[in-house]
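In what follows, residues are counted from 1 in the order of the sequence shown. Keep in mind that this is a model prediction, so the values were computed, not measured.
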Amino acid sequence: YGWEPKTNQEALGWYEGFINVLQPCLRSGDLDRRSRARKIIANHFRSLWSFVGCHNVLEELVVSQCKIDQWVEIWQPIKQAIGFDGKNFSPLVLRRLEALEVLTCPSDLHAEIETYVFRPVWDHYQANEDFNEVEKRVSEKIVDLGRQVSFDLPYLESLGSRLYQSENASLLLFGRGLAKGAHSQGDMFNFLVDLLQSHDYELKRSHMFSGMIQEIHSSNQVLARQLREKVLDIPKLSSHFVELLTSTDLEPWGIELLL
């Protein structure tokens, strides 16, 4: 079925050639092309570093890309390579990888949101860690990020469709944080509804709104009820009414609506 590498060096050359095919995209001024190329590298970084040994080309690529701007998708794969495979590396290779981890670590609020809110919680698990402890730590982090960004409505608006079309359950925790930090919880809910209504995309999952309702319900059950009753009159949210209703324990008024 064609040529196959017969030695480790030939295999290394083949994989490095594949990486180099992406170089024009990575250097492109077209943000969409560069983003897609970065995602391909990030998705395969651990195997390329740990099992193929493309250390030089990957190191050069990560350093050069970070001179352009932050590369948030690559941080977790680098951490996973350290956590799961680090014991197999020579001290020099491990130090090089650890230097890349420091270089790519999220350094501001927006980068942290990309890293935590739009990735599954289990992506943050490292070898020999207690998953329950990881889940608790990351969940608290996501709630806090929501609380912090609740003061930055222009940034929230810039996230656009990702708030409504991502199926990542981390958005539920982010929604709790938005409600926790909002000066007016009702106004925050309305802002996000208006943002949804102002665009032509549909709401795939109501995780963010469910998280907001959970947090609001914990301190203001009257408002939580009012917002859910209002959902029935919002075209893009009404089909998610049951999911929002059951985001907290069912109450008599909710059961009556269902009947």
Side-chain angles (χ1 to χ4, degrees), residues 2-3 5 10-82 85 96-97 99-124 142 145 149 152 154-171 174 195-196 198-205 207-208:
W3 179 84
E10 287 182 347
L12 176 62
W14 188 91
Y15 282 106
E16 288 182 341
F18 166 76
I19 294 170
N20 287 329
V21 167
L22 294 173
Q23 291 284 10
C25 296
L26 290 165
R27 292 193 295 265
S28 172
D30 184 328
L31 295 182
D32 184 57
R33 287 185 69 199
R34 190 164 78 232
S35 176
R36 282 183 287 166
R38 282 182 167 189
K39 285 179 181 177
I40 292 172
I41 296 296
N43 288 341
H44 297 280
F45 180 89
R46 182 184 168 197
S47 58
L48 289 170
W49 183 282
S50 300
F51 308 122
V52 180
C54 301
H55 303 149
N56 292 336
V57 67
L58 286 173
E59 184 176 46
E60 292 172 5
L61 188 154
V62 171
V63 171
S64 64
Q65 286 295 298
C66 287
K67 289 179 180 177
I68 299 173
D69 56 26
Q70 281 202 304
W71 187 0
V72 294
E73 301 99 336
I74 202 72
W75 181 58
Q76 277 299 333
I78 291 173
K79 282 174 61 68
Q80 289 170 350
I82 293 171
D85 312 315
R96 291 168 67 185
L97 189 58
L100 293 181
E101 192 272 331
V102 172
L103 177 66
T104 58
C105 181
S107 59
D108 59 37
L109 177 62
H110 297 175
E112 288 189 317
I113 287 172
E114 293 293 331
T115 302
Y116 288 93
V117 176
F118 295 108
R119 296 184 70 94
V121 171
W122 58 78
D123 271 8
H124 299 272
I142 296 170
L145 288 171
V149 85
D152 190 350
Y155 175 68
L156 267 179
E157 188 170 1
S158 75
L159 293 174
S161 64
R162 301 176 70 195
L163 294 173
Y164 307 107
Q165 298 200 302
S166 172
E167 299 191 23
N168 193 345
S170 297
L171 280 168
F174 188 63
L195 182 60
L196 171 63
S198 67
H199 293 84
D200 58 5
Y201 41 71
E202 296 297 322
L203 179 65
K204 281 190 176 180
R205 296 297 301 271
H207 292 316
M208 180 178 63

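- Taking the side-chain contact (heavy atoms from CB on, under 4.5 Å) definition, one finds that E10 meets it with W3, P5, K6, T7, sequence neighbours left out.
- Distance check, rounded to the nearest 0.5 Å: CG of L159 to CE of M208 gives 9.5 Å.
- Residues satisfying the side chain to side chain donor-acceptor pair (under 3.5 Å) test with Y201, not counting sequence neighbours, are H199.
- Using a 4.5 Å heavy-atom cutoff, the side chains of V102 and C105 are not in contact.
- Under a 3.5 Å cut-off, the side chain of R34 and the backbone N or O of S28 do form a donor-acceptor pair.
- To the nearest 0.5 Å, atoms CG (L48) and NE2 (H55) are separated by 10.0 Å.
- Minimum heavy-atom separation, L195 to L156: CD2-O, 4.1 Å.
- Qualifying side chain to side chain donor-acceptor pair (under 3.5 Å) partners for N168, counting only residues two or more places apart in sequence or in other chains: S170.
- Atom CD of Q165 and atom CD of E202 lie 8.5 Å apart (nearest 0.5 Å).
- Residues that satisfy the side chain to side chain donor-acceptor pair (under 3.5 Å) test with Q80, not counting sequence neighbours, are absent from this structure.
- In this structure S47 satisfies the side-chain contact (heavy atoms from CB on, under 4.5 Å) test together with H44, F51, sequence neighbours excluded.
- The salt bridge (Lys or Arg N to Asp or Glu O under 4.0 Å) check on E114 picks up R162, with sequence neighbours excluded.
- Interatomic distance, R119 CZ to S166 OG, rounded to the nearest 0.5 Å: 12.0 Å.
- Of all the heavy atoms in W71 and C66, the pair that sits closest is CB-SG, 4.4 Å.
- Residues that satisfy the side-chain contact (heavy atoms from CB on, under 4.5 Å) test with P106, not counting sequence neighbours, are W75, A111, E112, T115.
- Residues satisfying the side chain to side chain donor-acceptor pair (under 3.5 Å) test with E16, not counting sequence neighbours, are none.
- Under the rule for a salt bridge (Lys or Arg N to Asp or Glu O under 4.0 Å), D152 has no partner lying at least two apart in sequence or in another chain.
- Scanning both residues, A81 and L97, for their nearest heavy atoms gives CB-CD2, 3.8 Å.
- Side-chain atoms of S50 come within 3.5 Å of backbone N or O of R46 as a donor-acceptor pair.
- Taking R27 as the reference, nothing meets the salt bridge (Lys or Arg N to Asp or Glu O under 4.0 Å) condition, with sequence neighbours excluded.
- For the pair F18 and I40, the minimum side-chain heavy-atom distance is below 4.5 Å.
- The aromatic rings of H110 and Y155 sit parallel to each other, their planes meeting at less than 30°, with 60° as the upper class boundary.
- Remark: F174 CZ to L163 CG distance equals 6.5 Å, nearest 0.5 Å.
- Residues P24 and N20 come closest through the heavy atom pair CD-O, 3.7 Å.
- Sparse packing is recorded around OH of Y15, with 12 or fewer heavy atoms of other residues, nucleotides or ligands lying under 6.0 Å away.
- Residue L100 holds its CG atom at 5.0 Å from CD1 of I78, rounded to the nearest 0.5 Å.
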Evaluation steps, side-chain contact (heavy atoms from CB on, under 4.5 Å), between Q70 and D108:
CA-CA 10 Å; Q70 281 202 304; D108 59 37; 3.7 Å; yes
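- Evaluation of the salt bridge (Lys or Arg N to Asp or Glu O under 4.0 Å) rule for R36 yields D32 as partners, not counting sequence neighbours.
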Distance-only check: which donor-acceptor pairs under 3.5 Å involve side-chain atoms of residues 58-65, not counting sequence neighbours?
unit_1: E59; atom_1: OE1; unit_2: R96; atom_2: NE; d: 3.2
unit_1: E59; atom_1: OE1; unit_2: R96; atom_2: NH2; d: 2.8
unit_1: E59; atom_1: OE2; unit_2: R96; atom_2: NE; d: 3.3
unit_1: S64; atom_1: OG; unit_2: E60; atom_2: O; d: 3.1
unit_1: S64; atom_1: OG; unit_2: L61; atom_2: O; d: 2.8
unit_1: Q65; atom_1: OE1; unit_2: R38; atom_2: NE; d: 2.8
unit_1: Q65; atom_1: OE1; unit_2: R38; atom_2: NH2; d: 3.1
unit_1: Q65; atom_1: NE2; unit_2: L26; atom_2: O; d: 3.0

